[in-house]
Amino acid sequence: MSAPPPVPLSVPPAAPPASRESSPLLGFGLDVLLAACILLGLSLFCGLAWGLWRGFEVGMAIAREGGAAPDAAQLGAQLGQPGALAQMLIALVSTGATALVLYFWRRRASQAERAASRSAARRGSTWGWTLLVAAGVFVGSSLIGWTGKQLGIEPVPTNLPLMEQALAHYPVFLVAFAVFLAPAYEELLFRRVLFGRLWAAGRPSLGMALSGAAFAFIHEIPGTSGNGLPEILQLWLVYGGMGVAFAWLYRRTGTLWAAIAAHTLNNAIALAALVFFGLQ
């Protein structure tokens, strides 16, 4: 009796109407541009709203105390920078809303796609691949970090100080944000919207590379930390590898839930390591 044929890679999501963009690369570029504009606009709006709220709180405190208004230096110290909770809320609102807007506007799943995703989520092999990819990402990231350390390259991720501050003061919200919420909206944006467009156009390898590069860049933007070029390149390699692996998993299983689950496991391991090593 012959062996059963191998299970093929899942069919790509439905392609967008041809009238929207003349080229899948043009569509991908437009998606990236729209995401950047919406993300920047929402971040500025949320930052402004936080500043106005802090100003209102300071003004009310001055009025209650019946004192004179502080000078510019004192006022700046009182307003300060957004704390860990405020920064996570700003990231949640701006990035999460960006992902939802791009999904419903540009890459909304059809009824047939949702049915196929549910069917894929019921297959045991889907979750076997998910565990395998999550383990591979962990091992690969660890090897890259170990190799970099031997070469004297030890980057500090841009979000590490925020994570440490949030861990000390808002551990429950940090777990909800980093382990559950961030993986969901990041996979929706980078895998469903960005990778999905090029996959639907028959360019999955290119989609993995470009969406992985976008995923790496948004996690480590040059000039926003004290990392030098070697450190930035190492972080890009780690984040880019994650993006490619999660895109491959999405394609292999046919359900975005697998990529979300693998991303969740990766973030949970990273947070557990932060807790463990932070307590040493």
Side-chain angles (χ1 to χ4, degrees), residues 5-40 95-121 123 125-126 129-130 132-133 136-137 140 182-219 236-263 266:
V7 177
L9 294 176
S10 300
V11 296
S19 60
R20 290 188 181 179
E21 288 94 21
S22 59
S23 163
L25 280 176
L26 179 62
F28 179 91
L30 183 57
D31 287 339
V32 170
L33 179 61
L34 288 171
C37 291
I38 296 171
L39 178 60
L40 179 60
T95 313
T98 299
L100 289 172
V101 168
L102 265 292
Y103 168 74
F104 284 107
W105 183 11
R106 305 280 291 170
R107 299 294 300 147
R108 186 172 184 173
S110 65
Q111 184 174 355
E113 288 177 286
R114 290 193 291 270
S117 177
R118 289 193 296 269
S119 177
R123 292 196 297 265
S125 61
T126 292
W129 283 114
T130 299
L132 184 62
V133 168
V137 166
Y185 65 64
E186 286 183 353
E187 292 307 307
L188 191 65
L189 176 59
F190 290 98
R191 253 57 73 183
R192 169 63 198 182
V193 175
L194 298 182
F195 166 67
R197 175 173 295 281
L198 292 176
W199 179 17
R203 308 287 295 276
S205 297
L206 181 62
M208 290 179 195
L210 293 182
S211 63
F215 184 71
F217 183 83
I218 198 65
H219 280 82
W236 279 355
L237 182 60
V238 170
Y239 289 125
M242 289 181 187
V244 170
F246 296 151
W248 183 91
L249 178 63
Y250 176 30
R251 182 178 180 231
R252 183 64 183 80
T253 62
T255 176
L256 192 65
W257 289 111
I260 293 173
H263 197 154
N266 176 79

#### Entry: Side chain Y103, main chain A109, donor-acceptor under 3.5 Å
yes
### Query
Got a second to check how far L30's CG is from R106's CZ, nearest 0.5 Å?
4.5 Å
### Query
How far apart are the closest heavy atoms of G196 and R107, and which atoms are they?
O-NH2, 3.3 Å
### Message
Against S117, only a single residue in T253, T126, T255 fulfils side chain to side chain donor-acceptor pair (under 3.5 Å); can you say which?
### Response
T255
#### Entry: Within-4.5 Å side-chain heavy-atom neighbours: V133 and R252
no
### Message
Any heavy-atom pair between the side chains of H219 and M242 that's under 4.5 Å?
### Response
no
### Query
Do you know which of Y250, W248, F28 makes side chain to side chain contact (heavy atoms under 4.5 Å, CB included) with F195?
Y250
### Query
How many angstroms lie between CG in L198 and CG in L25, if you round to the nearest 0.5 Å?
6.0 Å
### Task
Would you give the length of the straight line joining atom CG of L194 to atom CG of L210, rounded to the nearest 0.5 angstrom?
9.5 Å
### Task
Calculate, to the nearest 0.5 Å, the distance between atoms CG and OG1 belonging to L188 and T95 respectively.
12.0 Å
### Task
Could you check R108, E113, R114 and say which one makes a side chain to side chain contact (heavy atoms under 4.5 Å, CB included) with S110?
E113
### Query
V193 versus R197: any side-chain heavy-atom pair under 4.5 Å?
no
### Query
For the residue pair G240 and A216, what are the closest heavy atoms and their distance?
N-CB, 3.6 Å
### Residue of the set W257, F190, F246 for which ring-ring contact (aromatic ring centres under 6.0 Å, His included) holds with H263
F246
### Query
Where do M208 and A247 come nearest, in terms of heavy atoms and distance?
CG-CB, 3.9 Å
### Task
Taking all non-hydrogen atoms of both residues into account, name the closest pair between A201 and P24 and its distance.
CB-CB, 3.4 Å
### Task
Using the six-membered ring of F215, assess whether NZ or CZ of R191 lies under 6.0 Å from its centre and within 45 degrees of the ring axis.
yes
### Task
Evaluate the side-chain proximity of W129 to L249: yes if any heavy-atom separation is below 4.5 Å, no if none is.
yes
